[in-house]
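Working notes, beginning with the structure itself.
Just so you know, ligand 1 is whichever comes first in the structure, and atom 1 is the first atom listed for that ligand. All figures in this text were calculated on a predicted structure; none of them were measured in a lab.
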Amino acid sequence: MVSGVPVSKTPLLDRIRTPADLRQLTEDQLPELARELREEMIEVVSQTGGHLGAGLGVVELTVALHYVFDTPYDKLIWDVGHQAYPHKMLTGRRDRLPTLRQGGGLSGFTKRSESAYDPFGAGHTSTSISAALGFAVARDLKGEANNVIAVIGDGSMSGGMAYEALNNAGAMDSRLIVVLNDNDMSISPSVGAMSAYLSRLLSGKTYLSLRDIGKQLSRRFGRTIDRTITRAVEHARGFLMGGTLFEELGFYYVGPINGHDLDHILPVLKNVRDAGVGPVLLHVVTQKGKGYGPAESSADKYHGVVKFDIATGSQAKSKPAAPSYTKVFAEALIKEADRDPKIVAITAAMPSGTGLDLFAKAHPKRCFDVGIAEQHAVTFAAGMAADGMKPFCAIYSTFLQRAYDQVVHDVAIQKLPVRFAIDRAGLVGADGATHAGAFDVAYMGVLPGMVVMAPADEAELVHMVATAAAYDDGPSTVRYPRADGLGIPLPEAGMPLPIGKGRIVREGTKIALLSLGARLGECLAAAEELERYGLSTTVADARFAKPIDHDLVRQLALNHEVLLTVEEGAVGGFGSFVLHALADDSLLDGSLRVRALTLPDAFQDQDTIERQYAQAGLDARSIVAKVFEVLGRDLTDAARRA
Ligand SMILES: Cc1ncc(C[n+]2csc(CCOP(=O)(O)OP(=O)(O)O)c2C)c(N)n1
Ligand SMILES: CC(=O)[C@@H](O)[C@H](O)COP(=O)(O)O
Ligand SMILES: [Mg+2]
């Protein structure tokens, strides 16, 4: 404490509002800046939770990129964006980091509307090279001169879209810099042949020495000799120095270099920047979780964390009141697989998120992690189904969007019995719009022959897993939320449900609430409140969005004045299918008043899941309000008199 003023722990970071300030520092100040940045990020994320490991791994790289390149004039595009917390701290958002992933706060990923330093939004993997090539070609067409840099992780490099982009970029010869951030980790350890290839590039050799890098760079960019000759020479060298795969795709390969050593990164980035050739792939080796012991030593390198104690690293993971839907799904599937050797399970690099890590322990030979490759996962499953297996493809709702043509073309048209276990269905809270599972009922339900189920609770999920296991006449879907169960007893064994049949859960006479999935609890709470206002309310659980239970819909329509459908999905899903059924059955021609309660026709930013559903008008209070609105009655008045 000097003259009563507390001495800052981050004197260099305090001088930086934007990268222009960063570029006023001397190079020998940068390691200290990196230390301050890392320390503050750990402190803030220990309070907010979020993605920590990936950001820790790119602190030096982030400092170097903003130091060498003239951002935001030079476009810096992060793949996924979960590693972009240091980037946000250096680009005018340091003071808002404590609002990370909270309602009205910073997004957990890069986002165009959040900052000029985020030229392209992310959240899903493997998009950065495509986007960067788009920026590079636009630049060339406009006759501009800025640099374009994509930073993509080794895990994201296992996504097919990245190859599509490499293939295209390599043929276009546009000035583009791809930084491959290789920490040999996805969410779990990386899998696949690309991961093995990258490891071979690093095997048996430490990072290139500065001298070697200098030789490599001068050879690569020193002389503008004819590229065909260069190609031949490089191919030979590439074989020796590694990177042949990228060289063959038309990239200059540089590296591998130590991604934590600013003395290496800075000169290499400057050379790559000034080489004026393209496209270049710079292979940077980093450590996920770098600089924080508990992260470095944990299996997942603290990929995603809740609040934690900095001193011990222990996370404030309160013991859930009940097992999550994910866990219930995994344990139910294990039991089904115990009984049926044809059951196999497939994940696209999300073993822990989908619970298939548990399945893999029980049935290691029947569990497949295909890497971040959802399209491949679906058609891989289709191939297995075509040859008599019973594949459960466990993919988050939002990530399955990437494999939609495979669902249509390879599974549905061929009526193959692939079972889709769609986790994170509905709103997901802190991950915001890019990760919301809003559309799967719509995009799966429109497919001919697709069975779409949604459990109201964890016991129903057990039965729906059994239903999917037993259903071999075509593809089926079970979608369930990012949530803990209700804590109700689980059945010893799942019992297949009659396909397309719903159930009445609560009898009433005036209002009917037809719920799909986990909104049932809110519907029952709404019914209790409506009953207090003298509005006798039936609550039904559809169980299936497809096929629709026409008998149940008819029964509700003919015996009530108001029918509301309620679902954790966007317009165009369950409610639309019910409206079609009512119209087809001439049940809309009378006095029945029908409304479909869905997610809004908008992308919802991050917040708590509860607040998100309240904003969407899908909580009990909103359901009650909708009933009064439809009846043209005053809820306030009714509440006063109740
Ligand atoms: C299409 C898609 N599938 C899955 C995910 C989930 N996911 C987020 S980050 C990640 C791993 C990324 O690994 P890598 O690119 O190596 O980055 P790192 O975390 O190692 O920095 C995965 C699988 C996603 N965001 N997008
Ligand atoms: C960055 C990414 O896409 C994943 O880490 C995702 O955030 C995981 O979501 P869950 O936390 O719901 O498993
Ligand atoms: Mg990685």
Discussion item. Would you say the ring centers of His87 and Tyr117 fall short of 6.0 Å from each other?
Written reply: no
Practice prompt. Could you tell me whether a side-chain N or O of Gln612 sits under 3.5 Å from a main-chain N or O of Asp605, the two making a donor and an acceptor?
Written response: yes
Worksheet item: Within the side chain of Asn181, is there an N or O that forms a donor-acceptor pair under 3.5 Å with the backbone of Val151?
Response: no
I need the atoms of ligand 2 closer than 4.0 Å to a non-hydrogen atom of [X], numbered in the order shown.
| X | result |
| --- | --- |
| Asp431 | 6 (C), 7 (O), 8 (C), 9 (O) |
| Arg482 | 10 (P), 11 (O), 12 (O) |
| Phe399 | 3 (O) |
| Phe109 | 1 (C) |
| Arg424 | 10 (P), 12 (O), 13 (O) |

Worksheet item: Closest approach of Gln606 and Ala430, non-hydrogen atoms and distance?
Response: CB-O, 3.3 Å
Worksheet item: If you take all heavy atoms of Phe246 and Tyr197, which pair is closest and at what distance?
Response: CE1-CE2, 4.0 Å
Run through all N or O atoms in ligand 1 and write down each protein N or O closer than 3.5 Å, as a pair with its distance.
from	atom 1	to	atom 2	distance (Å)
ligand 1	3 (N)	Glu374	OE2	2.7
ligand 1	15 (O)	Ser156	N	2.9
ligand 1	15 (O)	Ser156	OG	2.5
ligand 1	16 (O)	Asp154	N	3.4
ligand 1	16 (O)	Asp154	OD1	3.1
ligand 1	16 (O)	Gly155	N	2.7
ligand 1	16 (O)	Met185	O	2.8
ligand 1	19 (O)	His82	NE2	2.8
ligand 1	19 (O)	Lys288	NZ	2.6
ligand 1	20 (O)	Asn183	OD1	3.0
ligand 1	20 (O)	Asn183	ND2	2.9
ligand 1	20 (O)	Met185	O	2.9
ligand 1	21 (O)	Asn183	ND2	3.4
ligand 1	25 (N)	Gly123	O	2.9
ligand 1	26 (N)	Thr125	N	3.0

Worksheet item: Does even one non-hydrogen atom of His303 get within less than 4.0 Å of ligand 2?
Response: yes
Worksheet item: Do any heavy atoms of Val428 fall under 4.0 Å from ligand 2?
Response: no
Just need the protein heavy atom nearest to [atom], so name the residue and atom and give the distance.
| atom | result |
| --- | --- |
| atom 3 (O) of ligand 2 | His435 NE2, 2.7 Å |
| atom 13 (O) of ligand 2 | Tyr396 OH, 2.6 Å |
| atom 1 (C) of ligand 2 | His51 NE2, 3.3 Å |

Item to complete: In sequence, state the C-alpha distance, the side-chain angles, and the governing distance for Ile346 and Val370, and then conclude on side chain to side chain contact (heavy atoms under 4.5 Å, CB included).
Response: CA-CA 7 Å; Ile346 297 149; Val370 298; 4.2 Å; yes
Practice prompt. Carefully, step by step, assess His124 and Phe399 under the rule ring-ring contact (aromatic ring centres under 6.0 Å, His included).
Written response: CA-CA 7 Å; His124 288 197; Phe399 300 145; 4.9 Å; yes
Practice prompt. Tell me how many protein N, O or S atoms are closer than 2.8 Å to the Mg ion (ligand 3).
Written response: 3
To the nearest 0.5 Å, what is the distance between [atom1] on [X] and [atom2] on [Y]?
| X | Y | atom1 | atom2 | result |
| --- | --- | --- | --- | --- |
| Ser188 | Leu356 | OG | CG | 11.0 Å |
| Ser126 | Glu374 | OG | CD | 8.0 Å |
| Arg96 | Gln102 | CZ | CD | 10.0 Å |
| Arg519 | Tyr613 | CZ | OH | 5.5 Å |
| Leu180 | Met157 | CG | CE | 4.5 Å |
| Leu490 | Glu331 | CG | CD | 8.0 Å |

Worksheet item: Between Arg101 and Asp431, does a salt bridge (Lys or Arg N to Asp or Glu O under 4.0 Å) hold up when you go through it step by step?
Response: CA-CA 7 Å; Arg101 297 159 39 97; Asp431 272 346; 2.7 Å; yes
Practice prompt. Answer yes when Glu60 and Lys290 have at least one side-chain N-carboxylate O distance shorter than 4.0 Å, and no when they do not.
Written response: no
Worksheet item: Considering distance alone, does some N or O of His82 sit under 3.5 Å from an N or O of ligand 2?
Response: no
